[in-house]
K.L.:
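This is the structure I have questions about; it appears just below.
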Amino acid sequence: MEEALRDGSVSLVIIELDQPINLTVGRRLQLAAKTGKTTGLCIIPEGMGSNAAETRWQCDPMFDPERADSTLMCWRLIKNKSGTLCDWYVRWDATKSNPADRIVVVSPPGE
């Protein structure tokens, strides 16, 4: 992951962790991402955590009784070293032609 982040030839690098990373490894990944102007996303199992994270998100499926739609999710920013914490309710919209527009921020269920 560090090499891919530092190289900068891709805009996003994703890795799924099976063990915690220490502060040294986390800092190396942060510096590599900054050098390569790349975003690094570590998928960390719940409860494992990482003190090196700049931000920590939790993504949960939501049930919307008004719609038969399984794409509603709540994205929670639960750690942010440089800003505020917030929740976003999002829905996948496959009808959008541009893939970047397919995640749509929506109102919470029942509002």
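Quick caveat: nothing in here was measured; it's all calculated off a predicted structure.
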K.L.:
For the CZ atom of Arg28 and the CG atom of Asn22, what is their distance to the nearest 0.5 Å?
P.N.:
10.5 Å
K.L.:
If we only count heavy atoms from C-beta on, is the Leu31 to Arg27 side-chain gap below 4.5 Å?
P.N.:
yes
K.L.:
Taking the hydrophobic residues Ile, Leu, Val, Met, Phe, Trp and Tyr, and joining any pair whose side-chain heavy atoms are under 4.5 Å apart, which ones share a cluster with Leu12?
P.N.:
Ile14, Leu41, Ile43
K.L.:
Sequence neighbours left out, what pairs pass salt bridge (charged side-chain N to carboxylate O under 4.0 Å, His left out) with at least one residue falling in residues 71-89?
P.N.:
Asp60-Arg76, Arg76-Asp87
K.L.:
Might you work through the side-chain contact (heavy atoms from CB on, under 4.5 Å) test for Leu29 and Leu5, ending with a clear yes or no?
P.N.:
CA-CA 7 Å; Leu29 292 174; Leu5 288 168; 4.0 Å; yes
K.L.:
Rounded to the nearest 0.5 Å, how far does CD1 of Ile15 lie from CD1 of Ile21?
P.N.:
8.5 Å
K.L.:
Would you say Ile78 and Leu85 make side-chain contact, with heavy atoms under 4.5 Å?
P.N.:
no
K.L.:
Looking at Asp93, is its backbone amide N or carbonyl O close enough to the side chain of Thr95 to form a donor-acceptor pair, meaning the two atoms are under 3.5 Å apart?
P.N.:
no
K.L.:
Restricting to ring-ring contact (aromatic ring centres under 6.0 Å, His included), what partner residues turn up for Trp88, sequence neighbours left out?
P.N.:
Trp57
K.L.:
Could you state the interatomic distance from CD (Gln58) to SG (Cys74), rounded to the nearest 0.5 Å?
P.N.:
8.0 Å
K.L.:
Do Thr39 and Val13 have side chains that approach each other closer than 4.5 Å (heavy atoms only, starting at C-beta)?
P.N.:
no
K.L.:
Could you measure the distance from the CD atom of Glu16 to the CD1 atom of Ile44? Nearest 0.5 Å is fine.
P.N.:
10.5 Å
K.L.:
Measuring from Met62:CE to Tyr89:OH, what's the distance to the nearest 0.5 Å?
P.N.:
4.5 Å
K.L.:
I want to check something: taking the side chain as every heavy atom from C-beta on, are Thr55 and Leu77 in contact at a cut-off of under 4.5 Å?
P.N.:
yes
K.L.:
How long is the gap from CZ on Arg102 to OG on Ser97, to the nearest 0.5 Å?
P.N.:
7.5 Å
